[in-house]
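What follows is one structure encoded as structure tokens, with my remarks underneath.
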Amino acid sequence: MLTEGHVSLVTGAALGIGAGIAELFARNGAAVYLLDIDAAGAEVKAAQIRAAGGEAHAMKCDVSHRGDCAAAVEAAMKRHGRIDSLINNAGIYPRRVFLETSEADWDRMQEVNVKSLMHTCQLVLPHMIARGSGKIVNISSVTLWIGVEKLVHYVTSKGAVLGFTRSLAREMGRHNIHINAVTPGAIKTEGEDIHAVPAEIAAIQAQQCLDRRIMPYDVAAACLFLSSPLSDGMTGQTLNVDGGLYLH
Ligand code: NAP
């Protein structure tokens, strides 16, 4: 499905959705760079991908640090001379009652979930522009459509991801660069075990059209489509991968 010799950068790829994206892209022939603040976790996942016959490189990267992002982009360009896709997946979602949310909580959320996109895109886009093609997928969240209490800072950040996606798509279309977003629903990940309440998850599943948990693979499949020539007619769009929780 992907172009020959495809090289992809996936942020937040040690666990959860990002790990699912890295695995699926590698299975489809891509050389994958796993960028994660958890260097050891990224290396474990990269080693699993290599053991399964794929090409994977782990990079320690806090996406809120421009220098870390620059080092990862430089490493990929040095080894492969091209970056075909960038999946901006890394994100945090600690719950906070709005009135108890500190300025530091707010700023960290926006730095990791939003400002990081400025870093990675500004660093990758010059290389995509030089080649006259590229695919960027930004991971937002279905919470943007429905609103969720104790996640005002998070949902605000995920709204910004869509504004970023749409405006940058307008600016980059002339370079044949496609920039789209995915809004996952309640995905079964390791992060969910820390942040979510089982009863809440069961209630969400009951509201989905599909009576099953939506898995990292499901989100990865949408990212694969948006990184492949099959989506060449699409940019500035958002795909909702939530089992039919929220219907547009
Ligand atoms: P996850 O299971 O928590 O995994 C995220 C990975 O990103 C972890 O390895 C984490 O490392 C890493 N990470 C955290 N901060 C980072 C940073 N500053 N720089 C680089 N890596 C960082 O997350 P997930 O549930 O798969 O979510 C992935 C994305 O999907 C996020 O953007 C999230 O908002 C979005 N999303 C998730 C769901 C869901 O149901 N899971 C639904 C809608 C949207 P540590 O573990 O060390 O922090």
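Counting starts at 1 for both ligands and their atoms, following the listed order.
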query = What do you reckon, does Pro216 put a non-hydrogen atom under 4.0 Å from ligand 1?
reply = no

ask   = Is a side-chain N or O of Asp242 found less than 3.5 angstrom from the main chain of Tyr246, in a donor-acceptor match?
value = yes

inquiry  = Between Arg212 and Asp218 (salt bridge meaning N to carboxylate O under 4.0 Å), is one present in this structure?
reply    = yes

key: Donor-acceptor contact below 3.5 Å, side chain Asn88 vs main chain Leu117   = no

ask   = Hey, are Glu149 and Arg96 close enough for a salt bridge, meaning a charged N less than 4.0 Å from a carboxylate O?
value = no

key: Donor-acceptor contact below 3.5 Å, side chain Thr189 vs main chain Glu192   = yes

Selected option - heavy-atom contact closest to atom 8 (C) of ligand 1, from Asp36, Thr11, Ile87 = Asp36

request  = Using atom types as modelled and distance alone, determine if a side-chain donor or acceptor of Asp105 lies under 3.5 Å from a backbone N or O of Thr101.
outcome  = no

ask   = Counting each atom of ligand 1 from 1 as listed, which ones have a heavy atom of Ala186 under 4.0 Å away?
value = 40 (O)

task = Look at atom 15 (N) of ligand 1 and say which protein heavy atom is nearest, naming residue and atom and giving the distance to 0.1 Å.
result = Ile92 CG2, 3.7 Å

message = Please report whether ligand 1 has a polar contact with Lys158, defined as an N or O pair separated by less than 3.5 Å (distance criterion only).
response = yes

remark   = One finds that the ligand 1 atoms under 4.0 Å from a non-hydrogen atom of Arg108 are 18 (N)

ask   = Looking only at protein heavy atoms, which one is nearest to atom 40 (O) of ligand 1, and how far off is it?
value = Ile187 N, 2.8 Å

note = Restricting to heavy atoms, the pick from Asn89, Asp38, Asn138 nearest atom 31 (C) of ligand 1 would be Asn89

request  = Measure Ser140 to ligand 1 on non-hydrogen atoms and call it side chain, backbone, both or neither using the 4.0 Å cut-off.
outcome  = backbone

remark   = Nearest non-hydrogen protein atom to atom 34 (O) of ligand 1, with distance, is Tyr154 OH, 2.6 Å

note = Nearest non-hydrogen protein atom to atom 4 (O) of ligand 1, with distance, is Leu15 CB, 3.8 Å

query = Under the 3.5 angstrom rule, does the side chain of Asn89 hit a backbone N or O of Gly12 as a donor-acceptor pair?
reply = yes

query = Looking only at distance, does Ser64 have an N or O less than 3.5 Å from an N or O of ligand 1?
reply = no

Single-linkage hydrophobic cluster, 4.5 Å side-chain cutoff, Leu35 and Leu86 together = yes

task = State yes or no: are the ring centers of His153 and Tyr93 separated by less than 6.0 Å?
result = no

query = In ligand 1, which numbered atoms sit nearer than 4.0 Å to a non-hydrogen atom of Val112?
reply = 18 (N)

ask   = Out of Ile17, Asn88, Val142, Thr143, whose heavy atom sits nearest atom 26 (O) of ligand 1?
value = Ile17

message = Taking CD in Glu171 as the centre, count heavy atoms belonging to other residues, nucleotides or ligands within less than 6.0 Å. Is the count above 12?
response = no

inquiry  = Treating Lys135 as the side-chain partner and Cys223 as the backbone partner, does any N or O pair qualify as donor plus acceptor under 3.5 Å?
reply    = no

ask   = Which of the atoms of ligand 1 are close to Ala14, meaning less than 4.0 Å from one of its heavy atoms?
value = 9 (O)

request  = Compare Ala39, Cys61, Gly185, Gly12 and give the one whose heavy atom is closest to atom 20 (C) of ligand 1.
outcome  = Cys61

ask   = Judged by modelled atom types alone, do His6 and Arg82 share a side-chain donor-acceptor pair under 3.5 Å?
value = no

ask   = Is the closest heavy-atom distance from His65 to ligand 1 below 4.0 Å?
value = no

ask   = To the nearest 0.1 Å, how far is atom 1 (P) of ligand 1 from its closest protein heavy atom, and which atom is that?
value = Tyr93 OH, 4.1 Å

task = Looking only at protein heavy atoms, identify the closest one to atom 2 (O) of ligand 1 and say how far it is in Å.
result = Gly191 N, 3.4 Å

ask   = With a 4.0 Å cut-off on heavy atoms, is Gly41 touching ligand 1?
value = no

request  = Please indicate whether Arg166 has more than 12 foreign heavy atoms, meaning atoms of other residues, nucleotides or ligands, lying under 6.0 Å from its CZ.
outcome  = no

ask   = Are any of the N or O atoms of Val63 closer than 3.5 Å to those of ligand 1?
value = yes

message = I need the nearest protein heavy-atom contact for atom 45 (P) of ligand 1: residue, atom name and distance, please.
response = Ile37 CG2, 4.1 Å

key: Interfacing atoms of ligand 1 (cut-off 4.0 Å, heavy-atom, Gly91)   = 31 (C), 32 (O)

ask   = Does ligand 1 have an atom under 4.0 Å from some heavy atom of Lys45?
value = no

inquiry  = Using only atom types and a distance under 3.5 Å, with no angle test, would you say the side chain of Glu200 pairs donor to acceptor with the backbone of Ile204?
reply    = no

query = Using 4.0 Å as the upper bound for N to carboxylate O, is an ion pair formed by Glu103 and Arg108?
reply = no

key: Closest candidate by heavy atom, reference atom 43 (C) of ligand 1, pool Ala19, Pro184, Gly16   = Pro184

remark   = Looking only at protein heavy atoms, what sits closest to atom 18 (N) of ligand 1 is Asp62 OD1, 2.9 Å

